[in-house]
Amino acid sequence: MVRFLHSADWQLGMTRRFLGAEAQPRFSAARTEVVATIGALAAAEGCGFVVVCGDVFETNHVDRQVVGRALDAMAATPGVTFYLLPGNHDPLDPTSVFRSPTFRNHCPANVVVLDGAGPYPVAPGVELVAAPWTTKRPIEDLVSAAVADLPADGTVRIVVGHGAVSTLSPDRDDPTVISVPRVEAALAAGRIHYVALGDRHSTTSVGTSGRIHYSGAPEPTAFVEDDPGNVLLVELGDTEVSVSPRRVGRWTFTSHYAHLTGPEGIASLHQFLLGQADKGRTILQLTLEGQLTLSHRAELDRVLAEQRELFAALLIWDKKSNLVVLPDESDLTSLELSGFARAAVAELRAQAEGGDRAVVAQDALGLLHRLASTPS
Amino acid sequence: MKIHRIELHNYRGVTRSAVAFPERGVSIVEGDNEVGKSSLVEALDLVLTTPDSSRAEKIKALQPAGLDVGPEATVELSTGPYRFTYRKRWLKRPETTLTLTAPQREQLSGREAHDRVRSMLAATLDADLWEALRLQQGSELALPRFDVSSLSRALDQAAGGDRGGDEEDALWDRIVAERERYWTATGRARGERVTLGERRAEAQARVDALRAEVAALDAQAEELVRLEAEAIELAARQEARAAALVELEGRAEAVRTLRHEVERATAAQRAAMAELATWRGLIAQRRQLMERAGASAAAVQATEAAAAEAGPARRVAADRHEAAEAALAAAEAEVAEAEAAHERAAADADHLRQQIEVAQLTDRRDRIARLQVAHQEAEAVLARSTVDASVLARIEAAHLAAVKAVAAASADAPSVTTRALAKGSIVIDGVPTDLVAGTESQHEVSSSFELVVPGVVRISVAPGAEAQARAHEAAAATAALEQLLAAAGVADVEAARAAAAARVEAERARDHAAQGIAQDLRDLTPDALRHKVERLGEQVAAFAAARPVDPPLPPDHDAAQDRARATAAALAEARAAVRRRAAELARAATVHHRCTVDDAGVEARLVGARSARDLDAAALAEARAAQSDDELRSGLAQAKDAVAVAEAAQAEASARLAAAEPAALQRDLARLRDAAAQASEAADRNRDRRQQLRGILDRDGERGLGAAVDAAEAERDRLAHEHDAIEARAAAALLLHETFARHRASTRQRYLAPFRERIETFGRLVFGPTLAVELAPDLSIVSRTLHGTTVPFAQLSTGAREQLGLVSRLACASLVAADGGAPVVFDDALGWTDPGRLAQMGEAIALAGRDSQVIVLTCTPQRYASIAEATVIRLPTDQVELRSVI
């Protein structure tokens with residue numbers, strides 16, 4: 001019986017540009033903290049080691065302070081050995097962070113870099129079979145290559161790999177794609193027993209064997225991820241395998257769509273925002289569509305401004321959003337314009353309804369509204 | 001606003017004046033200058049604007065001279081819903097009272113009254129309009145600003161009431177200001193837009209730079225990977241080269257052994273050849289010894305033969321020497337003989353020449369003696385001569401004078417002619433004369449004439465006085481001539497002439513003689529010549545006496561000279577013969593001497609040759625004793641055999657070396673060593689570069705550029721967002737401005753129309769039906785068109801501008817009349833307008849008067865006589881007491 005934690009894609013050093021000056025450091029700190037959390041979880045679950053399947057660091061050019069802190073976090077649980085696999089973000093090329101002076105100088109005893117392809121004994125009768133990335137552009141399926149010549153000799157083998165798998169990759173021509181059939185054949189032949197993968201940030205089971213898994217990233221990194229924030233607790237018996245996800249991430253990336261046409265929609269959006277838990281660690285992306293009057297737009301802006309204070313980030317997805325703001329009669333009436341001004345406004349309104357200049361015309365009307373409302 | 005009444009008290013020069021105006025229509029206030037017409041309008045302004053407490057200069061100027069009361073003005077106005085009477089007194093006991101009669105009755109005073117009036121006016125009177133509608137005396141002819149709100153309102157209503165008001169104008173100003181935040185006047189970006197754009201570009205540049213650094217690192221990493229692969233390959237190549245090198249160097253060692261063998265064989269060959277050369281040398285020496293012995297023996301024989309030949313030759317040479325000496329002596333004797341002959345011939349020639357000279361000199365001497373006699377004779381003649389050329393000239397002159405005088409005397413003198421009739425005798429002047437019958441005699445009477453027939457008669461004839469004078473003159477001239485002749489010692493003129501000729505002849509003879517003497521003397525004196533003749537004569541005589549008879553003296557000098565020349569030639573020939581003989585003698589002497597010396601040399605050589613022959617023979621014998629000729633020959637043969645053996649050995653060794661191809665081997669070896677060196681160098685370079693790259697990657701990797709790239713990109717995104725936003729705002733401001741500007745312009749254009757039409761309505765009364773005007777957006781007149789001709793306003797005549805100014809005021813007033821408006825006030829206007837136009841202008845003013853209150857102040861009432869329906873108010877010239885007219 002082997003018991004260990006399977007993690008991957010820590011992406012340490014990642015920054016998110018949409019985060020403000022306040023949220024970015026917290027976001028970064030959380031990514032380091034989750035390392036300590038994983039160590040603590042391993043210790044608590046009686047795991048002797050953690051395999052981290054690639055992309056430990058966002059890049060080989062990662063800020064060296066991040067490296068130091070990560071190693072420090074791992075050193076906090078000396079009883080748990082961390083096996084770190086170089087992935088496509090941090091390949092073992094000459095710029096490799098794993099070979100950097102900072103890493104070498106700070107590396108604690110319980111951290112092992114899987115810096116060569118092939119077996120690493122971790123316990124009597126148990127080996128890790130590493131398939132590290134040595135370049136950003138390998139020319140083969142590293143996992144299949146690492147597995148190819150292994151005998152079925154009763155040794156329990158845990159493959160540690162990184163990359164897309166053939167059943168999920170959209171790119172069939174990519175030579176690095178891990179061949180699921182080959183890996184499954186090796187599993188079936190009893191030459192290997194578990195395939196721990198990284199690269200996909202969502203926790204995912206691959207194939208039908210129940211022995212191939214992506215653990216997903218321990219903290220989310222993007223809106224597109226389905227199920228991030230987990231590590232996998234793996235128990236390998238002689239015949240059976242048990243894989244159970246454990247939640248470790250605390251941050252959330254959320255997308256939300258709202259169609260706004262009037263005060264009701266704004267109120268409903270407001271309610272949604274109010275209902276979000278742990279806003280300080282939530283990055284929320286809104287897609288807004290619909291049409292608002294100037295005064296409603298002002299209300300929307302007020303609501304968003306208020307909530308923006310609470311969320312780690314509250315974003316409008318410009319590309320997908322299409323919120324038309326048009327002054328209505330009441331907007332214009334309230335301005336009490338007459339003469340040429342009224343005629344000009346009418347023309348702008350017509351332009352704002354659609355066409356090339358619609359957005360500019362809307363802006364122009366907004367501007368007019370502001371100028372006219374300003375007490376002279 | 002309407003003016004109902006204006007009243008002045010103690011105002012400037014006016015003690016009291018009150019004028020009431022009708023509510024509408026034209027009021028013409030007439031009065032001479034300085035009766036206070038202008039004061040009416042001024043007082044209205046001051047009452048409305050200036051508090052009673054004012055001490056302003058304009059107020060002080062109102063104080064009437066010499067009175068202790070303050071100036072006072074009362075106006076009664078209605079404006080909007082208000083109607084009031086307002087009175088102010090300034091300076092002395094200042095006071096303000098306001099009596100409102102509408103909308104309700106009210107009484108106020110002091111500051112309260114003042115403020116109330118201000119607020120009523122502010123609410124109801126368009127001050128700009130009030131200003132615009134006044135045409136002051138002597139004011140600028142420029143048009144007033146019609147851009148006043150009440151006219152705008154009126155025009156707005158006329159145009160359909162859609163122009164917008166002050167708020168729209170304020171909004172417009174803000175729109176303009178907003179556009180100017182983002183755009184320059186020429187439509188370029190300005191201010192923060194520019195800054196943001198630049199910062200965005202800079203941020204992008206920073207991103208690019210950082211990315212380039214990361215890319216460079218990645219490229220270096222790739223290079224390192226490539227170099228590592230290359231290093232392995234290089235190592236393998238180096239190993240292969242090292243093995244090949246070992247093999248080639250083994251072969252090179254073998255070649256070196258072969259080369260040593262060749263060198264040894266070559267050395268042996270050289271030694272054998274040296275031995276052979278030694279033997280050849282010995283043989284050559286022997287041959288030399290033998291040759292030398294032979295040669296020295298031959299030399300002895302030759303010398304002996306030479307000695308035998310030497311004696312006879314010497315004897316011949318001695319004989320010849322002697323003969324040459326004798327020949328020389330003979331030649332010398334011949335020379336002496338020839339010299340003597342020549343001396344003789346020369347002396348003879350000399351002698352003969354001297355003889356000739358003596359003869360010549362004797363001739364010259366004799367000739368001189370003869371000439372000296374002739375000379376002396378001529379000198380004697382000359383000494384005697386008394387008539388020379390000058391004396392003769394004087395005589396000739398005296399003679400001529402005498403002849404003339406005598407001729408003159410005889411011409412004047414009476415003449416007496418006698419004819420002898422018969423033989424007889426008469427005495428004439430005392431001279432008895434015999435008469436012969438038939439002869440006539442004539443007598444001139446010069447001084448006196450007396451003819452006596454003796455005994456018969458004495459006839460005396462006397463010349464006249466003149467004849468007598470002439471006769472005296474003739475006598476004097478004749479006497480002078482006689483005197484000269486006497487002095488010259490001649491009888492008469494002829495004699496004088498002969499004497500003079502004789503003198504000339506004597507002089508010529510003397511000169512001829514002197515010349516001949518000089519010719520013969522040449523450079524000698526007569527004595528010297530004589531001595532010379534004597535000396536030469538003696539010499540000639542002496543030579544002749546001394547000379548032997550034989551040979552005979554040549555016949556003449558020429559012959560003597562020929563002889564002398566012949567002897568000179570013989571002498572020269574004899575001397576040449578001596579020189580030839582001397583040379584022959586010298587040669588013979590030399591030959592003789594050499595023969596003598598040679599004899600001695602041959603003897604000495606003979607001794608030497610014999611001695612050498614003996615030595616050489618001894619040396620040869622000695623050498624043969626040491627090593628016989630046969631021994632030498634056999635040694636040479638042996639040495640030749642040894643050389644042949646050594647050569648064969650050397651050839652064999654060389655062939656073995658050549659078979660090993662040492663050059664090719666050397667080339668291969670060099671090539672391989674170069675290649676190895678290059679490979680090693682490449683490996684070194686590779687290693688160095690890898691170390692360098694590792695250093696770079698370690699160092700630059702530690703910079704953790706990822707975070708910097710992220711930060712730079714975040715900044716770039718933030719700026720891009722900001723920049724996009726400001727660009728959007730700028731676009732919005734531009735669109736807003738552009739749209740508003742367009743609508744504003746077209747609206748303004750629209751609302752200009754009613755004003756233009758109204759101006760044209762009034763103007764056509766003045767200028768006729770073809771008048772048209774064009775207005776600027778600020779309502780000023782741009783141009784006037786008349787009969788199809790358009791002229792810019794500024795270029796119109798002063799009168800036309802004045803008329804248009806008045807017409808446009810009337811039009812304005814009539815447009816705003818419905819809204820309350822303001823009175824039109826003309827203070828002595830139309831000074832520039834001709835009488836024809838004045839009449840038409842009157843019509844226009846009258847027309848305006850239907851809607852508006854028009855007040856015309858004038859001191860020339862006839863200007864406005866054409867205004868029908870006008871209320872005329874005459875201000876009296878008497879200023880003491882003014883009366884109310886209505």
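Residue numbering restarts at 1 for every chain, and letters A, B, ... go by the order of the sequence lines.
- Counting heavy atoms from C-beta outward, B:R179 and A:L367 have side chains that stay 4.5 Å or more apart.
- Neither the backbone nor the side chain of B:R694 comes within less than 4.5 Å of any heavy atom of chain A.
- Heavy-atom minimum distance, B:A732 versus A:D363: CB-CB, 3.4 Å.
- Rounding to the nearest 0.5 Å gives a distance of 11.5 Å between OG1 of A:T95 and CD of B:E702.
- Shortest non-hydrogen contact noted between B:G704 and A:R64 is CA-NH1, 4.3 Å.
- Both the backbone and the side chain of A:V360 come within less than 4.5 Å of a heavy atom in chain B.
- The candidate with the highest count of non-hydrogen atom pairs below 4.5 Å against chain A, out of B:E713, B:E228, B:H737, is B:E713.
- Here the straight-line distance linking atom CG of B:L217 with atom CG of A:N60 works out to 10.0 Å at 0.5 Å rounding.
- Residues A:A343 and B:H743 come closest through the heavy atom pair CB-ND1, 3.4 Å.
- Contact annotation for B:E715: neither backbone nor side-chain heavy atoms come within less than 4.5 Å of a heavy atom of chain A.
- The heavy-atom pair separating B:L224 from A:P94 by the smallest distance is CD2-CB, 3.2 Å.
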Before giving the answer on side chain to side chain contact (heavy atoms under 4.5 Å, CB included), spell out for A:D63 and B:D710 the whole-Å C-alpha distance, their side-chain angles and the decisive distance to 0.1 Å. CA-CA 10 Å; A:D63 188 343; B:D710 284 346; over 6 Å; no

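- Residue B:L735 holds its CG atom at 5.0 Å from CZ of A:R357, rounded to the nearest 0.5 Å.
- Enclosure of atom CG in A:N105 by more than 12 non-hydrogen atoms of other residues, nucleotides or ligands within 6.0 angstrom is indicated.
- Of the two parts of B:E178, only the side chain, counted from C-beta on, holds a non-hydrogen atom closer than 4.5 Å to a non-hydrogen atom of chain A.
- For B:R699, no part sits under 4.5 Å from any heavy atom of chain A, backbone or side chain.
- No more than 12 heavy atoms of other residues, nucleotides or ligands shown are found within 6.0 angstrom of CZ on A:R69.
- Rounding to the nearest 0.5 Å places CG of B:D218 at 7.5 Å from OG1 of A:T59.
- There is no contact between A:E58 and chain B, counting heavy-atom distances below 4.5 Å.
- Looking at B:D717, only its side chain comes within 4.5 Å of chain A, counting heavy atoms on both sides.
- Per-residue heavy-atom pair counts under 4.5 Å with chain B were compared for A:G13, A:S100, A:P101, and the maximum is reached by A:P101.
- With a 4.5 angstrom heavy-atom cutoff, B:L697 touches chain A only via side-chain atoms.
- Contacts of A:R26 classified as side-chain contact (heavy atoms from CB on, under 4.5 Å), with partners at least two apart in sequence or in another chain: A:E22, A:A23, A:W251, A:R281, A:A312.
- Chain A forms the most heavy-atom pairs under 4.5 Å with one residue out of B:I175, B:V709, B:L705, and that residue is B:L705.
- Note that the CD atom of B:E738 and the CD atom of A:E347 stand 7.0 Å from one another [nearest 0.5 Å].
- Heavy-atom contacts from other residues, nucleotides or ligands closer than 6.0 Å to CD of B:E192 number 12 or fewer.
- Summarising the geometry, atom CZ belonging to A:R17 is positioned 14.5 Å from atom NE2 belonging to B:H721; distances are rounded to the nearest 0.5 Å.
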